[in-house]
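One structure is given here, and the rest of the page talks about it.
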Amino acid sequence: MNRLEIREAVRDILGEQHQGFWADDELNRYIQLACDRHAQEALSVPTTENTTSLPGVQEYILPPYFGEMRRVRWHTDTDEVWTLKNAPKTDILNRQGRGAFSTVSGDPEVYYYDAYRIGLYPVPNKKPVFSLEPPEDACENWQTLTAERDPDDDTVTELYTEDVYLKPEGVCNVFCSHVSLWMRRNARPVDGAVRLRIHPLGKPDYEYWYSGYININDIGVLPEWVHFDFTYSPVELTPDVEGYNITFIVDRNFYNTPRAAYGDDGPQFAVEVFDDGTRGMYFQMHEFRQDIELDFYKNEVAAIDTDYEDLEVPNPYHRTIISMVIGRALRKNGRDLQGALVWEAEAEKEIKAARAQAVLRTRGRMLRTEGASRYAGPNATYADGTWRIRGW
C-alpha cells in the first residue's frame, strides 16, 4: 500500500471521506510517525549498507537511521566473504596498551558497535584505493594538490576553509568514501567535534557533502592522517567541476578566524607555501571499495514525500500502521480517547508480534560472549557459537 491508500483506509474508518476535522497533511504526518515507530520497535525494515575500510582505521560511522545490527560481513582482497562475530566493545578497546589487542591488523574476524560506530578486530590493513594520483611524489605517501591563490596574498581569512583545484586526468564521476587530511591538534583545541563540508565550486550552495563528526579529543597532538567518513554522503568528482571548497565545521558551526600554518587554536590541516607563492594542502581521496557489509534494521524510514510510492514498512504490517494512525487521530482535541486506547492497544500487540518474528529470524547468529570484562586476556577462540576470551 502507498500513503494515499493508507490515508483513504484511515478516512473510511474515521467516517470522514474528505478533509475536515483531519487535514491530509495531518494524516500524512501521522503515517510518517507510525512508519518510523514500526521500523524502530518492530524491526520491520531490514536493509544492507556497505562501507570502505581504511588501513589502520578500526572504527567506522554507522548511518543515522541505524537501528539494530543483524549481520556484519567482510570481503577480502581474494573475493572471500565471511560473517564476523560480535563481541563487547570493552573486550577489545580496554585491552589497548595491555598486549596491543586492538592494534593487531589483518582481515577482521570480530566486530563491536555502539549507537554511532562499528569497530573491527583485527584492524583492517588493506591498502587504500586512491581516486586521484599526484602529479609527482612530493611527499612520501602524500597526495599534494595546489590551491590556486594570489601569490601576494599571505593571509588566510578563514581558519577552516580552503579552495582546492583538482585537474585529474581520465577521472569521470568518481565517488569517494573517505577524505583524509594530514592534520594536527594544537595545544589549546576548540571543544566538541569536527566534520568536513565539501562544496563543488560553481555549483549551487545546496550541492555539498558532509562527513561524519570526529571528536577533537580523538585527534592527536602530533601531525597525523585523519580520515573523514563520507560513506553516507559520498563525494562525487566530475569532469565539469575543477575546484572544490573544503570547509571545517566545528560543533556544527562555521569557525572563522585568522590562521597560520601550524598556529592559533584548534585543529589544523597541513598547508605548504611553495616557492612561487602558491599554497598546497595534503589530502587523499579514497574510492569506494565497500568491503564492510552491514545488515541491520532501520530505526526510521525515509521521508515519505509522495502519495504513490509503496511504504518501506512491508505490506503485512500496513494494518498496524492504520491502527496507529487512527489511534493518534482520535486523540486530537480529545475526540475519542476511549476509542484511541482500543486502536493503540491493537497496534501495540501487533508490534510485539512483529518484533518477535524478527528476533526469531536472526536466532543463531547472535553471539554469546564469555569473559566479557577488562581483565580478560587478548587470546581468544571461537567455537560452537561462543567467543571465548582467555584470561591474562
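Counting begins at 1 with the first residue of the sequence. Quantities reported herein were computed from a predicted structural model and do not represent experimental measurements.
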Asp307 (side chain) donor-acceptor with Asn2 (main chain) under 3.5 angstrom: no
Exercise: identify the closest heavy-atom pair between Val301 and Ala39: CG1-CB, 4.1 Å
Check: His38 ring centre within less than 6.0 Å of Tyr317 ring centre: yes
Cluster check Ile351, Val342: I/L/V/M/F/W/Y, side chain < 4.5 angstrom: no
Exceeds 12 heavy-atom contacts within 6.0 angstrom, atom CD of Gln338: no
Test item: side-chain donor near acceptor, Glu80 and His75, under 3.5 Å: no
From Met324 atom CE to Asp36 atom CG, the distance as rounded to the nearest 0.5 Å: 9.0 Å
Pairwise distance CG(Asp229) to OG1(Thr52) - rounded to 0.5 angstrom: 8.5 Å
Residues forming a side chain to side chain contact (heavy atoms under 4.5 Å, CB included) with Arg331, sequence neighbours excluded: Leu337, Ala340, Leu341, Glu344
Inter-residue atom distance Thr231.OG1 - Asn50.CG, 0.5 Å rounding: 10.0 Å
Test item: Phe228 and Val194 side chains (from C-beta on) under 4.5 Å apart, heavy atoms: yes
Beyond-backbone contact of Asp295 with Val72, side-chain heavy atoms, under 4.5 angstrom: no
Carboxylate-amine/guanidinium proximity below 4.0 Å for Glu26 and Arg7: no
Pairwise distance CD(Glu49) to CD1(Ile118) - rounded to 0.5 angstrom: 12.0 Å
Sub-4.5 Å side-chain heavy-atom contact between Gln40 and Tyr65: no
Heavy-atom side-chain contact between Arg73 and Tyr111 under 4.5 Å: no
Lys/Arg-Asp/Glu bridge criterion (N-O < 4.0 Å) met for Arg355, Glu68: yes
Atom of Leu84, atom of Pro108 and distance for their closest heavy-atom approach: CD2-O, 3.1 Å
Linked, directly or transitively: Leu120 and Phe66 (ILVMFWY side chains, under 4.5 Å): yes
Where Trp74 and Pro124 come nearest, the two heavy atoms and their spacing: CH2-CB, 3.9 Å
Phe283-Ile214 co-clustered via ILVMFWY side chain contacts under 4.5 Å: yes
Distance in Å, Thr320 OG1 paired with Glu350 CD, rounded so as to fall on 0.5 Å steps: 3.5 Å
Short side-chain donor-acceptor distance under 3.5 Å, Ser53 and Asp291: yes
Pair His286, Ser177: side-chain N/O donor-acceptor within cut-off below 3.5 Å: no
Donor + acceptor pair across side chains of Thr247, Asn245 (<3.5 Å): yes
Which atom of Ile31 lies closest to which atom of Arg3, heavy atoms considered: CD1-CG, 3.7 Å
Sub-4.5 Å side-chain heavy-atom contact between Val241 and Thr238: yes
Leu62 side chain near Leu294 side chain, heavy-atom distance below 4.5 Å: yes
Phe21 atom CZ, neighbour heavy-atom count above 12 within 6.0 Å: yes
Row check, Phe296 ring normal vs Arg70 NZ/CZ: under 6.0 Å, within 45°: no
Salt bridge Glu109-Lys85, side-chain N to carboxylate O under 4.0 Å: no
CD/Glu309: more than 12 non-hydrogen atoms of other groups inside 6.0 Å: no
Salt bridge (Lys or Arg N to Asp or Glu O under 4.0 Å) between Arg11 and Asp24, intermediate numbers included: CA-CA 10 Å; Arg11 287 197 178 280; Asp24 282 350; 2.8 Å; yes
Between CZ on residue Phe230 and OG1 on residue Thr51, distance to nearest 0.5 Å: 12.5 Å
Side-chain ion pair, Glu300 and Arg37, N-O less than 4.0 Å: no
Val313 backbone acceptor or donor facing His318 side chain under 3.5 Å: yes
Short side-chain donor-acceptor distance under 3.5 Å, Asp25 and Gln19: no
Lys352 atom NZ, neighbour heavy-atom count above 12 within 6.0 Å: no
4.5 Å side-chain heavy-atom contact, Tyr60 and Ile292: yes
Intermediate values then yes/no, side chain to side chain donor-acceptor pair (under 3.5 Å), Glu59 and Tyr113: CA-CA 9 Å; Glu59 294 189 336; Tyr113 74 94; over 6 Å; no
Remaining members of hydrophobic cluster (4.5 Å side-chain criterion), Tyr308: Leu4
Tyr112 and Gln58, any side-chain heavy atoms less than 4.5 Å apart: yes
Worked check of side-chain contact (heavy atoms from CB on, under 4.5 Å) between Leu237 and Phe175: CA-CA 6 Å; Leu237 304 181; Phe175 289 90; over 6 Å; no
Within one Ile-Leu-Val-Met-Phe-Trp-Tyr cluster: Met285 and Ile61, side-chain cutoff 4.5 Å: no
Worked check of side-chain contact (heavy atoms from CB on, under 4.5 Å) between Val235 and His178: CA-CA 8 Å; Val235 179; His178 292 77; over 6 Å; no
Mutual orientation of the aromatic rings belonging to Trp182 and Trp225 [parallel < 30°, tilted 30-60°, perpendicular > 60°]: perpendicular
Arg195 side-chain N/O to Ser211 backbone N/O, donor-acceptor pair under 3.5 Å: yes
For Leu330 against Gly339, the heavy-atom pair lying closest together: CD1-C, 3.8 Å
Linked, directly or transitively: Leu43 and Leu33 (ILVMFWY side chains, under 4.5 Å): no
Carboxylate-amine/guanidinium proximity below 4.0 Å for Glu346 and Lys349: yes
Contact summary for Gln32 and Ile304, nearest pair of heavy atoms: OE1-N, 2.8 Å
